[in-house]
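Accompanying notes for the structure given below.
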Amino acid sequence: MIDVLNLPSPLLCGIAVEMALTPAVFPAVGFRGARPRNGARPEPPSGSRVTWYAGIVIGLALSLAIAVWAKETLIDFNTNSTALEAPICLAILVAFALVPLRNGVTQGVYEAIWAQVIASLSFECMDCVTMWLPDPARVVALGLLTPAVCVALFVVVRVRLLPQLRNGHAGTVGKRKLLFAATLCIMFLLLSNYQVIFLLLGSRDHTYMIPAFRIMVELLGLITLYLQNDIEQRQHAQMELSLVQRLWQSKQRQYEISKETIDLINRKCHDLKYQLAAFRTMQDDAEVDRRLGEVEQSVMIYDSAVQTGNRVLDVVLTEKSLYCEAEHITLTCMVDGAKLDFIDQADLYALFGNALDNAIESVTKQRDPAKRVIQVSVYPDNGFLMIRIRNYCDEPITLADGLPVTSKKAGKGYHGYGLRGIRYTAEKYGGTMNVKIAPDSFTLQVVFPLN
């Protein structure tokens with residue numbers, strides 16, 4: 001009877017942790033720490049909140065039923081089948097995160113690993129506290145402690161851990177992060193296994209040494225997971241600091257560029273006065289048209305300053321625009337920069353910088369002035385944000401894995417340098433990147449969901 005709650009109790013604790021790590025579940029609890037950047041109330045993944053909560057309740061009931069069934073039919077404390085407890089609990093937690101809570105696969109699995117470690121640690125602590133009681137009273141005490149511990153875990157995880165795991169860049173669970181957590185979880189399952197502990201202790205007696213050893217293993221696992229996130233946050237903070245410095249330097253360069261632009265405008269205006277004065281003495285219409293063309297070309301410098309509504313994008317496009325002006329390349333921009341605020345500054349700077357560098361490198365090979373053109377457009381379309389950068393390219397391009405292949409004879413302008421980084425940035429924000437090749441043009445397209 002002593003082991004009747006060995007699976008249901010940690011499972012309930014784990015479900016409480018998973019619900020606390022889902023901001024839309026009871027958002028009023030610790031809501032400030034879980035509030036998104038835009039300040040909006042966290043909403044369910046889809047459908048109404050009542051329907052979602054009903055699904056969670058049904059999922060909770062099914063999870064407990066499966067746990068009780070597995071405990072009664074598959075697991076016996078006197079045999080090696082106790083090794084199945086932790087894997088069964090983890091499997092149910094993963095299913096609960098993916099189905100009732102509707103978290104993504106990587107996010108759900110990662111949070112299930114956190115829930116497994118925290119729940120196991122909590123149950124072992126309860127086991128130590130109640131160990132001095134006789135069996136019937138001990139089971140009752142564990143049954144009464146479990147709901148109280150679940151409530152406490154929900155509050156503590158929501159207030160303290162959720163902001164840490166869902167904060168900015170650290171809230172993104174990549175493949176490496178998930179692989180590290182999964183490896184740690186496998187080691188945790190092995191070291192906390194009762195049969196391994198019995199082998200190490202040389203005894204199957206249920207003493208304080210067993211929960212003490214398991215608590216030590218669980219604490220090490222919890223600390224390691226926490227340090228992983230803390231290190232990742234520190235690295236990202238260092239990257240942001242470096243970016244701020246780069247942006248400050250870019251802003252200084254932009255000021256110098258603006259100053260040079262004003263000086264150019266003053267000189268152009270000075271020349272225009274003399275050109276307009278010369279028109280009064282001309283009788284040849286063809287000569288007048290030629291002079292007017294020169295005047296129009298002189299005022300093109302006004303188009304060099306780009307304002308999109310996004311400070312980082314303004315810096316990139318202004319720099320590239322002035323460079324294109326000097327290289328006799330026409331850069332046209334139809335950009336709603338305000339729609340790009342959800343992208344981190346470093347990612348946005350790198351995305352457009354790499355894309356435009358590749359486009360400029362390609363069009364500089366065009367001898368026809370009419371083909372030295374780059375078109376940049378950013379606009380919403382049916383719930384998606386479309387980014388398109390198009391330029392002329394009449395060289396043959398071969399694709400591999402959706403990216404141009406390096407070739408010494410062709411396609412040097414699009415050898416894929418930087419495009420892998422653009423694809424990574426797109427996927428990081430739930431979007432996609434693809435290229436479209438026409439006989440005389442190359443189009444880079446990045447699509448982000450607006451929600």
Side-chain angles (χ1 to χ4, degrees), residues 104-107 168-169 171-178 236 239 243 306 308-310 312-317 319-320 324 331-363 373-407 410-451:
V105 176
T106 55
Q107 189 74 31
H169 179 77
T172 303
V173 181
K175 293 181 180 179
R176 290 185 178 180
K177 187 174 183 179
L178 181 60
H236 187 63
M239 290 176 57
L243 172 65
V306 180
T308 65
N310 185 290
V312 178
L313 195 56
D314 291 347
V315 171
V316 179
L317 293 181
E319 290 177 348
K320 304 304 179 184
C324 289
L331 176 63
T332 62
C333 301
M334 296 290 291
V335 176
D336 184 359
K339 300 291 186 183
L340 295 167
D341 288 341
F342 67 93
I343 302 179
D344 284 349
Q345 294 178 341
D347 295 333
L348 187 63
Y349 193 96
L351 190 154
F352 278 90
N354 287 332
L356 287 172
D357 284 343
N358 284 341
I360 290 171
E361 183 180 354
S362 180
V363 297
V373 177
I374 301 174
Q375 299 172 341
V376 180
S377 58
V378 179
Y379 59 92
D381 184 19
N382 293 326
F384 293 90
L385 185 66
M386 313 293 293
I387 300 176
R388 284 200 180 110
I389 299 178
R390 180 182 179 273
N391 61 272
Y392 283 97
C393 180
D394 50 15
E395 295 181 345
I397 298 176
T398 303
L399 296 180
D401 191 25
L403 298 176
V405 177
T406 302
S407 172
K412 285 185 179 180
Y414 282 100
H415 50 65
Y417 178 77
L419 290 180
R420 293 188 184 276
I422 296 174
R423 172 184 283 180
Y424 172 80
T425 301
E427 293 175 350
K428 176 180 176 181
Y429 294 91
T432 60
M433 185 211 81
N434 60 76
V435 297
K436 297 180 179 179
I437 300 176
D440 61 349
S441 69
F442 183 97
T443 302
L444 172 67
Q445 179 173 283
V446 181
V447 182
F448 293 106
L450 282 177
N451 58 353

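Here D394 contributes atom CG and S362 contributes atom OG; the two are 8.0 Å apart, rounded to the nearest 0.5 Å. The distance from atom CG of L313 to atom CD1 of I343, rounded to the nearest 0.5 Å, is 9.5 Å. Atoms CD1 and CG, on I422 and D347 in that order, are 11.5 Å from each other to the nearest 0.5 Å. A distance of 10.0 Å separates NZ in K177 from OG1 in T106, rounded to the nearest 0.5 Å. The line from CG of D336 to CE of M386 is 14.0 Å long, rounded to the nearest 0.5 Å. Taking OG of S377 as the reference point, atom CZ of R390 lies at 10.5 Å (rounded to 0.5 Å).
Taking both residues in full, the closest heavy atoms of L450 and P380 are given as CD1-CB, 3.9 Å, listed atom of the first, atom of the second, then distance. Between Q107 and V173 the shortest heavy-atom distance is OE1-CG2, 3.2 Å. Between G430 and P449, the shortest heavy-atom contact is O-CD, 3.3 Å.
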Quiz item: Checking side chain to side chain contact (heavy atoms under 4.5 Å, CB included) for the pair V363/V373: CA distance, chi angles, key distance, verdict?
Solution: CA-CA 7 Å; V363 297; V373 177; over 6 Å; no
Go through it in stages, so that I can follow the logic: the residues are D344 and T425, the test is side chain to side chain contact (heavy atoms under 4.5 Å, CB included), and I'd like the CA-CA distance, side-chain angles, deciding distance and then a yes or no. CA-CA 10 Å; D344 284 349; T425 301; over 6 Å; no
Exercise. Might you work through the side chain to side chain contact (heavy atoms under 4.5 Å, CB included) test for N358 and I389, ending with a clear yes or no?
Key: CA-CA 10 Å; N358 284 341; I389 299 178; over 6 Å; no
Test log, rule side chain to side chain contact (heavy atoms under 4.5 Å, CB included), inputs V335 and F352: CA-CA 12 Å; V335 176; F352 278 90; 5.7 Å; no
For residues 435-448, which side-chain donor-acceptor pairs fall under 3.5 Å, sequence neighbours excluded?
residue : atom : partner : partner atom : Å
Q445    : OE1  : R388    : NE           : 2.5
Q445    : OE1  : R388    : NH2          : 2.9

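Looking only at side-chain heavy atoms (C-beta outward), N310 and D341 come within less than 4.5 Å of each other. In this structure the side chain of L317 reaches within 4.5 angstrom of the side chain of L356, judged on heavy atoms. Between D357 and K320 there is a side-chain heavy-atom pair separated by less than 4.5 Å.
Residues passing the side chain to side chain donor-acceptor pair (under 3.5 Å) test with T308, sequence neighbours excluded: D314.
Heavy atoms of other residues, nucleotides or ligands lying less than 6.0 angstrom from OH of Y379 number more than 12.
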